[in-house]
Amino acid sequence: MDPYTHESPPSGGLPQRQYIAGNEALKCSVTGCASTRYRTSPFCRSHYSAWSRYGGIGRRHLPAEPIRRIQKEVMDLLQDPMQVHHPGLQVAVQGLQRLFRSKAVHEDPKLDLLRRLANAGADPLDVIAITAAVYCHLWRTDPEAYEDGDYTAAQVGRLLGKLAPLKHRGGGELRSLRRSRAMVGAILERIGPLVSLIITTLERDRRARNGKRRYRRKPVDEQCEQHGQCDHFDEDDHNMEQYEA
């Protein structure tokens, strides 16, 4: 099965046209769907379109606001004066710059989304921030989707595509996931370790902030008891009463 399209190649030496005719006589593999399959896909045309657009059957695009918020956190981290010269960041930025200039990007049809980014002069930091924001959000909210290569590729590809929007609508939506997977795969080869480090750093900082908030919300007596101070204060008050007497 083609990992980019979920399409099965002709088997048994059947000609392509004959194989497609036989596959289209079968039912869609989605439970409860009575439609027939689309070309060589295990899905009907409707479910194949949904899988190609969203990266999964029954899934939808990620909400914009959480992604924007995490993207800002990532960008603040990348632009921190203490981090701008971090070796991992420098390696990732240089890797993307070399990728944008590579011959394959300008010749491989599957990398046309990446070619659009290169021609638009996309900032490598924006590419890193968007990619890390998507993976960080899914790490926090949907671990199953985080492990789903189709879904993550569709979401990262859709958001990166906004850095170099098309002037006209051409081609077809059914091939968008193939292009997204090719682009995101090439990008993660260069920045994957940095994305993992960013997620670890943001999660560590978030847990630290949440821990401080929980401590501030505790009643005063509970805080004193946690630090073993209440008995000390009570003893001082008792001694003071004896002194005054």
Side-chain angles (χ1 to χ4, degrees), residues 3-5 50-56 59-79 88-89 91-102 104-142 145-199 202:
Y4 291 122
T5 63
W51 170 82
S52 180
R53 181 179 184 184
Y54 300 110
R59 293 195 179 276
R60 289 294 181 266
H61 291 317
L62 293 174
E65 184 55 33
I67 299 298
R68 280 196 297 266
R69 186 170 59 250
I70 299 175
Q71 184 180 340
K72 183 180 182 304
E73 291 181 33
V74 176
M75 189 60 75
D76 290 343
L77 177 64
L78 297 179
Q79 295 177 336
L89 177 57
V91 168
V93 170
Q94 293 169 9
L96 288 179
Q97 291 172 340
R98 287 193 297 270
L99 178 63
F100 289 161
R101 295 192 302 264
S102 67
V105 165
H106 297 278
E107 293 182 353
D108 191 339
K110 292 194 298 295
L111 296 177
D112 59 344
L113 284 178
L114 198 52
R115 184 163 56 252
R116 280 166 46 195
L117 290 179
N119 293 337
D123 187 342
L125 291 184
D126 288 329
V127 174
I128 294 171
I130 289 174
T131 305
V134 170
Y135 278 95
C136 187
H137 175 73
L138 292 176
W139 174 267
R140 295 174 179 177
T141 62
D142 193 343
Y146 176 86
E147 300 289 343
D148 189 335
D150 290 341
Y151 185 64
T152 53
Q155 301 310 306
V156 172
R158 181 178 71 93
L159 294 176
L160 289 180
K162 294 182 178 181
L163 297 178
L166 288 171
K167 296 181 180 178
H168 59 84
R169 296 185 65 85
E173 188 179 79
L174 296 183
R175 294 181 298 165
S176 64
L177 186 55
R178 178 195 293 259
R179 298 195 297 267
S180 293
R181 285 194 60 128
M183 176 179 68
V184 173
I187 288 174
L188 287 178
E189 287 181 7
R190 277 77 182 176
I191 70 171
L194 178 63
V195 169
S196 297
L197 180 60
I198 289 171
I199 293 174
L202 292 183

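Treat the numbers as computed from the prediction; the structure is a model and nothing was measured.
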Main-chain N/O of F100 paired with H106 side-chain donor or acceptor, under 3.5 Å
yes
Output for pair (K110 NZ, L114 CG), nearest 0.5 Å, gives 12.5 Å
Here the gap from D76 atom CG to L202 atom CG, rounded to the nearest 0.5 Å, amounts to 10.0 Å
In terms of heavy-atom contacts, R190 and L96 come closest through CG-N, 4.2 Å
Residues passing the ring pair (Phe, Tyr, Trp, His ring centres under 6.0 Å) test with Y135, sequence neighbours excluded, are Y146
*Would a distance-only check, ignoring hydrogens and angles, find a side-chain to backbone donor-acceptor pair under 3.5 Å from Q155 to L62?*
yes
* Keeping the roles fixed (side chain from Y151, backbone from R60), state whether a donor-acceptor pair exists under 3.5 Å. => yes
Please check this pair: side chain of R115 against backbone of V105, looking for a donor-acceptor N/O pair closer than 3.5 Å. yes
R158 meets the side chain to side chain donor-acceptor pair (under 3.5 Å) criterion, sequence neighbours left out, with H61
Q) Is the shortest distance from a Lys or Arg side-chain nitrogen in R59 or D142 to a carboxylate oxygen in the other one below 4.0 Å? A) yes
To the nearest 0.5 Å, atom CG of L159 lies from atom CZ of R68 at 10.0 Å
Sorted by chain and residue number, the side chain to side chain donor-acceptor pair (under 3.5 Å) partners of R69 (sequence neighbours excluded) come out as none
task: Could you check if a side-chain atom of K162 sits within less than 4.5 angstrom of a side-chain atom of I130, using non-hydrogen atoms only?
output: no
Value for CD1 (I191) from CG (L99), rounded to nearest 0.5 Å, stands at 10.0 Å
Shortest non-hydrogen pair, A92 vs L194, comes out as CB-CD2, 3.5 Å
Within the distance-only criterion (no hydrogens, no angle test), does the side chain of S180 pair as donor or acceptor with the backbone N or O of L177 below 3.5 angstrom? no
Value for CG (L78) from CD (E73), rounded to nearest 0.5 Å, stands at 11.5 Å
Heavy atoms of A122 and V127 approach each other most closely as CB-CG2, 4.5 Å
Checking side-chain contact (heavy atoms from CB on, under 4.5 Å) for the pair I128/I198: CA distance, chi angles, key distance, verdict? CA-CA 10 Å; I128 294 171; I198 289 171; 3.9 Å; yes
Note to self: When you measure from the side chain of R116 to the backbone of A164, do you find a donor-acceptor pair of N or O atoms at a distance under 3.5 Å?
What the structure shows: yes
In short, C136 meets I70 closest at the heavy-atom pair CB-CG2, 4.0 Å
*Q71 side-chain N/O to T131 backbone N/O, donor-acceptor pair under 3.5 Å*: no
L125 and M75 have their tightest heavy-atom pair at O-CE, 3.7 Å
Smallest heavy-atom separation, G55 atom then D150 atom, equals O-CB, 3.3 Å
